[in-house]
Visitor: 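The structure is given below, and queries will be raised subsequently.
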Amino acid sequence: MKRALSTKQIAQISDPHTHMTTPPAAAASAATSRPFSIHLLHLPVSSSSSFSSAASATHPPRVVHGGVRWRRRRGRRCRAAVVEEAADGVLLPKEGEGDDLVKEEGRYDWRQEWYPLYLTKEVPDDAALPVTVFDRQLVLYRDGDGVLRCHEDRCPHRLAKLSEGQLVDGKLECLYHGWQFDGQGKCVKIPQLPEGAKIPRNACAVNYEVVDSQGVVWVWMSPTTPPPDSRKQPPWFEPYARTGFTDLSTIHELPYDHSILLENLMDPAHVPISHDRTDWTAKREDAQPLFFELTERTARGFAGYWGKQKKPELRNFVRFEAPCVLTNTLEFVDKDGKEQCFSAHFLCRPAGQGKSVLLVRFGSTARSPLMKVIPEWFFHQNACKVFEQDMGFLSSQNEVLVREKLPTKELYLNLRSSDTWVAEYRRWMDRVGDGMPYYFGHSSISPPVVPAVVEQAPAGGVAGISAAFPAKGGVGGAHAPNPTNRYFRHVVHCKGCRETVKGYTATRNLFAAAAAAAVAAAILAATRRWKAVLLAAAAGLAAASYGCSWVITLITTNFIRTHRRL
């Protein structure tokens with residue numbers, strides 16, 4: 001199926017999130033071409049893929065089961081957000097629909113899955129890296145041969161975190177007593193053992209299988225059961241194997257649950273409002289009804305198309321794959337008849353209830369010349385800005401879910417014209433959630449044993465102060481992490497941004513020192529001409545120093561909405 005699009009229409013193609021929008025490089029390339037055709041993916045429609053029908057738009061809203069359901073809570077009479085069936089425009093799935101899919105495959109087990117840990121290029125070469133999947137704390141590192149290794153992040157001796165230790169000759173050494181472990185988790189050295197004594201057989205760290213696939217480190221979360229034949233390897237994305245396919249990838253640590261992050265990424269309706277003018281495709285006046293077409297539902301996720309009702313020819317293909325992978329793909333034929341592909345991949349690692357880590361990957365077969373001109377850190381800081389625009393209301397959403405302890409059907413009012421993927425995702429949670437440590441589904445929940453520590457994004461003057469300093473409570477070189485700060489959400493995870501900050505800091509100091517020297521020389525100069533030359537040089541050096549400070553601030557400082565500034 002092919003549809004011709006104008007250049008203006010190309011510029012309006014966007015994915016389910018502002019940072020799912022066609023990357024600047026890809027967008028620039030697409031914008032230079034004349035009308036092209038979209039080469040859409042075709043999938044068979046499952047007989048169970050239809051949603052419950054809404055009432056006809058020509059009739060007034062209706063409710064069923066004796067009218068609106070009321071329930072008492074905390075001494076006040078309140079109306080439940082939803083009922084079993086929908087009024088016009090409200091999307092509510094049928095209870096139990098899709099349960100047979102899980103029955104066929106058996107009970108879902110979150111440990112029998114691959115999880116994205118980190119971008120391969122960002123894994124340190126000389127240090128251990130602490131990572132978390134749900135409530136399991138792991139340590140990731142490279143051994144003496146550069147091979148990726150992963151263990152449970154606790155020493156079998158006295159439970160100290162191995163990630164606090166160091167690498168010695170390719171072995172991971174515990175900082176507490178110096179026990180050393182090889183790549184398989186076997187203890188190979190205990191300094192306190194008498195000469196000739198054998199190392200206890202059970203003095204070993206729990207080992208986890210890790211794989212580097214297409215630039216991402218994945219872990220199989222069952223330390224005892226290997227992956228089945230059908231999933232020997234982690235998720236594999238076909239576009240990344242295409243000739244000429246390049247990507248721009250970033251990593252972000254976020255203060256809300258991975259399920260909230262996923263449903264936010266599945267929600268294209270919020271983009272024009274929340275990210276107005278952040279990207280040239282996001283505009284408030286462009287908010288409108290959307291259409292959704294579910295084409296596949298399995299026990300491991302769902303897939304389908306979505307687009308704007310005012311522009312039905314623009315169709316994005318989205319796929320959710322258990323437990324935490326979301327992709328959005330657009331394929332088309334360019335003006336030269338060559339097939340091109342834009343693809344956004346979102347790998348959402350659950351890092352504990354109330355925390356998540358997101359690996360964002362924008363890829364394209366069409367590389368724009370802009371990529372050679374605009375530095376990578378600029379794209380990274382813009383991605384940070386997008387997440388900061390969402391962070392306040394998503395962390396508060398996390399807080400409400402944990403506090404209310406109710407399924408989303410009791411709290412959400414889902415609309416057919418905007419929230420189809422959100423409802424579908426929470427329904428999937430209903431089917432498989434009992435195999436997770438905790439979950440919030442559409443009609444069922446299993447809240448966390450320990451409530452999440454929600455880290456609200458501050459607003460106004462408080463945000464301005466906290467966002468301006470990479471360290472909270474730091475004195476000199478004594479730095480403490482500040483979870484409200486971009487520096488700790490992204491820069492500490494990104495080698496490129498860290499090196500950029502380090503380089504610009506050194507350059508800024510050099511320019512500042514040179515400017516001061518030029519001013520001193522101007523004071524001592526004997527002639528007016530030399531005074532003027534030196535002062536002009538000092539002004540130029542000061543401006544260059546300020547420019548470096550501006551770049552550092554852009555990389556490390558939070559975005560703050562002007563209407564929230566005190």
Side-chain angles (χ1 to χ4, degrees), residues 1 15-16 20 40-54 82 84-86 90-110 112-114 228 230-231 235-238 258-269 290-307 315-330 343-348 407-409 412 414-436 439-445:
M1 180 178 180
D15 295 333
M20 290 181 77
L40 295 176
L41 303 176
H42 293 276
L43 292 175
V45 179
S46 169
S47 60
S48 63
S49 65
S50 61
F51 291 102
S52 58
S53 300
V82 253
E84 269 67 14
E85 293 185 14
V90 179
L91 172 70
L92 289 176
K94 294 178 181 178
E95 300 298 334
E97 185 176 353
D99 288 349
D100 55 326
L101 298 173
V102 178
K103 291 176 181 177
E104 292 175 2
E105 295 194 8
R107 184 177 183 273
Y108 183 82
D109 187 346
W110 70 274
Q112 304 291 313
E113 294 283 6
W114 290 100
S230 59
R231 283 185 282 144
W236 186 81
F237 306 109
E238 186 275 334
H258 85 289
S259 66
I260 292 176
L261 172 61
L262 273 166
E263 79 172 27
N264 175 244
L265 295 169
M266 295 175 184
D267 174 21
L290 305 175
F291 70 83
F292 299 88
E293 179 187 342
L294 183 69
T295 59
E296 181 180 332
R297 179 189 285 138
T298 71
R300 296 190 50 75
F302 58 88
Y305 296 98
W306 72 272
R315 290 158 58 90
N316 292 270
F317 180 75
V318 67
R319 177 182 293 280
F320 166 69
E321 182 177 354
C324 52
V325 176
L326 181 69
T327 63
N328 197 92
T329 305
L330 174 67
S343 189
H345 298 256
F346 302 94
L347 314 178
C348 310
T408 60
K409 121 177 167 177
Y412 289 10
N414 288 329
L415 301 180
R416 184 180 298 278
S417 56
S418 62
D419 306 312
T420 294
W421 299 146
V422 173
E424 187 66 27
Y425 174 62
R426 292 298 178 180
R427 294 167 71 192
W428 178 79
M429 281 288 196
D430 284 337
R431 298 194 294 269
V432 306
D434 62 347
M436 294 183 177
Y439 77 96
F440 289 86
H442 171 74
S443 58
S444 59
I445 65 168

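Note that this is a predicted model, so its numbers are computed, not measured.
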Visitor: Side-chain contact, heavy-atom cut-off 4.5 Å: Pro268 with Leu290?
Guide: yes

Visitor: Could you tell me whether the side chain of Arg300 and the main chain of Ala322 form a donor-acceptor pair under 3.5 Å?
Guide: yes

Visitor: Start with the C-alpha distance between Arg427 and Tyr425, add both sets of side-chain angles, then the distance that settles side chain to side chain contact (heavy atoms under 4.5 Å, CB included), and finish with yes or no.
Guide: CA-CA 5 Å; Arg427 294 167 71 192; Tyr425 174 62; over 6 Å; no

Visitor: I want to check something: taking the side chain as every heavy atom from C-beta on, are Arg315 and Phe317 in contact at a cut-off of under 4.5 Å?
Guide: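 A side-chain contact is absent here, since even the closest heavy-atom pair is not under 4.5 Å.
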
Visitor: Just to verify, what does His345 make a side-chain hydrogen bond (donor to acceptor under 3.5 Å, both in side chains) with, not counting sequence neighbours?
Guide: Ser343

Visitor: Quick check against the 3.5 Å criterion: does Arg426 have a side-chain atom that pairs as donor or acceptor with the backbone of Phe440?
Guide: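 Yes; judged by distance alone, with no hydrogens or angles, the pair exists.
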
Visitor: Can you name the closest pair of heavy atoms from Pro323 and His258 and give their distance?
Guide: O-NE2, 4.3 Å

Visitor: Could you please spell out the steps behind the ring pair (Phe, Tyr, Trp, His ring centres under 6.0 Å) verdict for Phe291 and Trp306?
Guide: CA-CA 5 Å; Phe291 70 83; Trp306 72 272; 7.9 Å; no

Visitor: Drop me the distance from Leu326's CG to Arg319's CZ, to the nearest 0.5 angstrom.
Guide: 11.0 Å

Visitor: For Trp428, check ring-ring contact (aromatic ring centres under 6.0 Å, His included) against everything at least two apart and list the hits.
Guide: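 Checked Trp428 against ring-ring contact (aromatic ring centres under 6.0 Å, His included); matches are Tyr108, Phe320.
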
Visitor: For Tyr412 and Val422, what are the C-alpha separation, side-chain angles and deciding distance, and is it a side chain to side chain contact (heavy atoms under 4.5 Å, CB included)?
Guide: CA-CA 10 Å; Tyr412 289 10; Val422 173; 4.2 Å; yes

Visitor: Would Val318 and Trp421 satisfy side chain to side chain contact (heavy atoms under 4.5 Å, CB included), going step by step from the backbone distance to the final call?
Guide: CA-CA 9 Å; Val318 67; Trp421 299 146; 3.4 Å; yes

Visitor: Asp434: what forms a side-chain hydrogen bond (donor to acceptor under 3.5 Å, both in side chains) with it, not counting sequence neighbours?
Guide: none

Visitor: Which heavy-atom pair separates Val432 from Ala299 by the least distance, and what is that distance?
Guide: CG1-O, 3.9 Å

Visitor: Could you check whether any side-chain N or O of Asp430 sits under 3.5 Å from a backbone N or O of Ser443, counting only pairs where one atom can act as donor and the other as acceptor?
Guide: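 Between the backbone of Ser443 and the side chain of Asp430 there is a qualifying donor-acceptor contact (under 3.5 Å).
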
Visitor: The test is side chain to side chain contact (heavy atoms under 4.5 Å, CB included); show your working for Leu265 and Cys348 and say whether it passes.
Guide: CA-CA 10 Å; Leu265 295 169; Cys348 310; 3.6 Å; yes

Visitor: Heavy atoms, side chains only, cut-off 4.5 Å: are Thr327 and Phe237 in contact?
Guide: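 The answer is yes; the side chains approach within 4.5 Å.
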
Visitor: Would you say Asn414's side chain and Asp419's backbone share a donor-acceptor pair under 3.5 angstrom?
Guide: no

Visitor: Tell me, please, which residues at least two apart from Tyr439 pass side-chain hydrogen bond (donor to acceptor under 3.5 Å, both in side chains).
Guide: Ser444

Visitor: Spell out, as yes or no, whether a donor-acceptor pair under 3.5 Å connects the side chain of Trp114 to the backbone of Arg231.
Guide: yes

Visitor: Determine the sole option in Glu263, His442, Met436 for which the side-chain contact (heavy atoms from CB on, under 4.5 Å) test with Met429 is passed.
Guide: Met436

